[in-house]
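Working notes, beginning with the structure itself.
Just so it is clear: chains get the letters A, B, ... in the order the sequence lines come, proteins before strands, and each one is counted from 1. Excluded from the calculations below are hydrogen atoms, water molecules and symmetry mates; all remaining heavy atoms, backbone and side chain alike, are included. Here the structure is a predicted model, which is why all the values come from computation and not from measurement.
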Amino acid sequence: MAETEHRPTNFIRQIIDKDLAAGIHDTVKTRFPPEPNGFLHIGHAKSICLNFGIAEDYKGTCNLRFDDTNPAKEDITYVNAIEQDVQWLGFEWDGKPRYSSDYFDQLHAYANELIDKGLAYVDFSSQEAMREMRGTLTEPGSNSPFRDTSPEVNKQEFAKMTAGEYGEGECCLRAKIDMASPFMCMRDPVIYRVKFAHHHQTGEKWCVYPMYDFTHCISDAIEGITHSLCTLEFQDNRRLYDWVIENISIECTPRQYEFSRLNLEYTVLSKRRLIQLVDEGHVAGWDDPRMPTIAGLRRRGYTPGSIREFCKRIGVTKMDNMVEMGMLEACIRDDLNTAAPRAMAVLDPIKLVIENYPESQSEELTAANHPNDESMGSRTLPFSREVWIEAEDFRESANKKFKRLVLDKEVRLRNAYVVKAERVEKDAEGNVTTVYCTYDPDTLGKDPADGRKVKGVIHWVDGNSGLPAEFRLYDRLFNVPNPAAQDDFVSSINPDSLTVKKGWVEPSVTLSAPECGGWQFERTGYFCVDKDSTEQQLVFNQTVGLRDTWAKIAD
RNA sequence: UGGGGUAUAGCCAAGUUGGUAAGGCAGCGGGUUUUGAUCCCGCCAUUCGUUGGUUCGAGUCCAGCUACCCCAGCCA
């Protein structure tokens, strides 16, 4: 797609420019470090585009690293899904995917180094006792009674921890820093805990696992990461990041920089909440088209390019933000507007019978696949006496603003003839089921010869050759802009986020999709084939509707 | 006076040696149009959280104030 030509500029790229100019680095190495405990979402896409985008633009490299230090929450299915999503977005990581668990041996050795230096100790205090000794935001903490244990003893105790001689919660390894630090994370943080859990990478090899703050900085250093980019909530942790790097024997000194995470209106972007939506069945799964996950957006019909463009447009800063859905929608519309071939589908059909069109007759009309791009070619459109039209495109009477079919008035059938509504047939409830009309045979590809102006154009599907189809229309998942701010976010789920319609689609639309992934069903929106489709029943997801200025007037 | 951060339009966001407020989204007018789409043209911050100060000149420098976000997991 036509992405904005200029490379993004942001404070992180400016830091890199300075580092390069000052000779602090001669190459740039970044990394994208998800924990494999859930699916990637649009917020991760921001980080992915930042990290991989910088690597691309500076001719550096970007690693994919699974931050897998908590086996209790992680699973191999997530690592596979994450790899797929990053690749689908169009990025290539350097070498093989890395795992923090690749470094467990080294991490363990560094922990021992800290112990040797008198900078770490095994603490047998209960978790409650540790919490009390930590102090509060305004009061300093107090030292643990185990804080002055000798390095020799600590060495032995850590070995016993590692050998499985202590149970979970019985003891942990802590860095000896400063219980009075204004940074809570510096008050002797736990760096290793006992956990008897199966690890998806290391199996049963370990029963002690390093904590994030100890692991991340060392993993960065081992991989030679130059700029370690993460979100704002880790700003305090940077002090611990630097402390660890300074106090162990490692040459590389990666630097951490923090940017604000993405917030999107009318959805949630925290793994905890997304997991809850899936587990409690509020959505059909991680790839439910209403989900802000990469998998959900993909199934919804979003293209990789549209998501990359979105990330480019929102920028990277340290400001808290709440981006409007309209921003995301504009990106996919821009992409699909140029890339998607046009077709016609009727989602809520009523029948239109052309009384002066011979019953036995039918013909094949030609329609351009794109109104402003001849290179996309054309298709044939079967046409016969009975066609389906949209129920909302007909009214028995209407004012002049209604540019569609009205009794005794004319309208153009898109790519076909001008028709005039003559009479209607209704069901028991009074709903119009059939409109009878006449057509003007001399209006194919031209205006009426007598100069009559026909302003309206409606879409249709041939009654003989149209294919039955199911259409799934989506609305925002929540009915408040910031559901995460609610105490019970589940209660603000939009009950009408999914609408299913049964209608017809023109026969040129088949299971095999165009290159961009979908079509524009003219006057309706962009759609893609859903995986629930069968040979008998096509199922379409509406990716996004067309911009609809009429809807505003009509209200 | 715990500490760490952030304040530029409805939303996102440029603005980096102080020189007179980019761009995008949304919105509003108008034109083209066999999609009420697209496309095109025009409009949309006398003002940068706030109050003072320095200066010929301040979104940019200084001081005070205010608002919001993050931190007291053996989660990341």
Separation of [N] [atom2] from [X] [atom1] (nearest whole Å):
{"X": "A:E329", "N": "B:C12", "atom1": "CD", "atom2": "P", "value": "16 Å"}
{"X": "A:H459", "N": "B:G36", "atom1": "NE2", "atom2": "C1'", "value": "11 Å"}
{"X": "A:R547", "N": "B:A26", "atom1": "CZ", "atom2": "C1'", "value": "9 Å"}
{"X": "A:Q542", "N": "B:A37", "atom1": "CD", "atom2": "C1'", "value": "13 Å"}
{"X": "A:M327", "N": "B:G23", "atom1": "CE", "atom2": "P", "value": "15 Å"}
{"X": "A:L262", "N": "B:C12", "atom1": "CG", "atom2": "C1'", "value": "10 Å"}

Hey, is the side chain of [X] poking within less than 4.0 Å of OP1 or OP2 on [N], counting only N and O atoms?
{"X": "A:R523", "N": "B:G36", "value": "yes"}
{"X": "A:R239", "N": "B:G5", "value": "yes"}
{"X": "A:T549", "N": "B:A37", "value": "yes"}

Whom does [N] pair with, Watson-Crick or G-U wobble, provided both distances fall under 3.5 Å?
{"N": "B:A76", "result": "none"}
{"N": "B:U1", "result": "none"}
{"N": "B:A67", "result": "B:U6"}

Interatomic distance at [atom1], [N] relative to [M], whole Å:
{"N": "B:C68", "M": "B:G59", "atom1": "P", "answer": "26 Å"}
{"N": "B:G27", "M": "B:C71", "atom1": "C1'", "answer": "40 Å"}
{"N": "B:G49", "M": "B:A14", "atom1": "P", "answer": "14 Å"}
{"N": "B:A72", "M": "B:G3", "atom1": "C1'", "answer": "12 Å"}
{"N": "B:C25", "M": "B:U66", "atom1": "P", "answer": "39 Å"}
{"N": "B:U60", "M": "B:G53", "atom1": "P", "answer": "14 Å"}
{"N": "B:U20", "M": "B:C48", "atom1": "C1'", "answer": "13 Å"}
{"N": "B:A45", "M": "B:A9", "atom1": "P", "answer": "12 Å"}

Side-chain ion pair, A:E410 and A:R452, N-O less than 4.0 Å: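 Counted as a salt bridge, because a side-chain N and a carboxylate O are separated by less than 4.0 Å.
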
Modelled atom types, side-chain donor and acceptor of A:D320 and A:S260, under 3.5 Å: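 No.
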
Just call it for [X]: base, sugar-phosphate, or nothing, with non-hydrogen atoms closer than 4.0 Å on any strand.
{"X": "A:Y417", "value": "nothing"}
{"X": "A:R414", "value": "base"}
{"X": "A:K403", "value": "base"}
{"X": "A:K446", "value": "base"}
{"X": "A:N337", "value": "sugar-phosphate"}
{"X": "A:G141", "value": "nothing"}
{"X": "A:T317", "value": "sugar-phosphate"}
{"X": "A:S100", "value": "nothing"}

Side-chain donor/acceptor of A:R333 to base of B:U38, under 3.5 Å: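 When only heavy-atom distances are counted, A:R333 does not reach the base of B:U38 through any donor-acceptor pair under 3.5 Å.
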
Pair of N/O donor and acceptor under 3.5 Å linking B:G23 base with A:R313 side chain: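 Answer is no: no donor-acceptor pair is held.
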
Syn or anti conformation of B:G10, syn meaning chi within 90° of 0: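 That one's anti.
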
Which atom of A:L40 lies closest to which atom of A:H44, heavy atoms considered: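 That would be CA-ND1, 3.5 Å.
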
Do [X] and [Y] have side chains that approach each other closer than 4.5 Å (heavy atoms only, starting at C-beta)?
{"X": "A:I218", "Y": "A:Y103", "answer": "no"}
{"X": "A:F66", "Y": "A:Y78", "answer": "no"}
{"X": "A:T267", "Y": "A:R273", "answer": "no"}

Pairs satisfying salt bridge (charged side-chain N to carboxylate O under 4.0 Å, His left out), at least one member in residues 34-47 of chain A, at least two apart: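 Counting only pairs at least two positions apart or across chains, no salt bridge (charged side-chain N to carboxylate O under 4.0 Å, His left out) contact touches residues 34-47 of chain A.
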
Show the atom names and distances, to 0.1 Å, of all donor-acceptor pairs under 3.5 Å that link a side chain in residues 341-348 of chain A to residues at least two apart or in another chain.
unit_1	atom_1	unit_2	atom_2	d
A:R342	NE	A:A340	O	3.2
A:R342	NH2	A:N337	O	2.4
A:R342	NH2	A:A340	O	3.3
A:R342	NH2	A:H370	ND1	3.3

A:Y209 and A:F104 aromatic ring geometry - parallel, tilted or perpendicular at 30°/60° bounds: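 Aromatic pair A:F104/A:Y209 classed perpendicular.
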
Nearest-nucleotide comparison on RNA chain B, the residue closer to the 5′ end among A:D447 and A:R238: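 The residue closer to the strand's 5' end, by nearest nucleotide, is A:R238.
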
From the list [options], which nucleotide is the closest neighbour of the side chain of [X]?
{"X": "A:E324", "options": "B:G36, B:A14, B:C11", "result": "B:C11"}
{"X": "A:R404", "options": "B:U6, B:G36, B:U35", "result": "B:G36"}
{"X": "A:K318", "options": "B:U6, B:G36, B:C12", "result": "B:U6"}

Letter per nucleotide, 5' to 3', of nucleotides 69-76 of chain B [B base touched, S only sugar-phosphate touched, - untouched; heavy atoms, 4.0 Å]: SSBBSBSB

Single hit among A:L352, A:V418, A:V457 for side chain to side chain contact (heavy atoms under 4.5 Å, CB included) with A:L413: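 Only match with A:L413 under side chain to side chain contact (heavy atoms under 4.5 Å, CB included): A:L352.
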
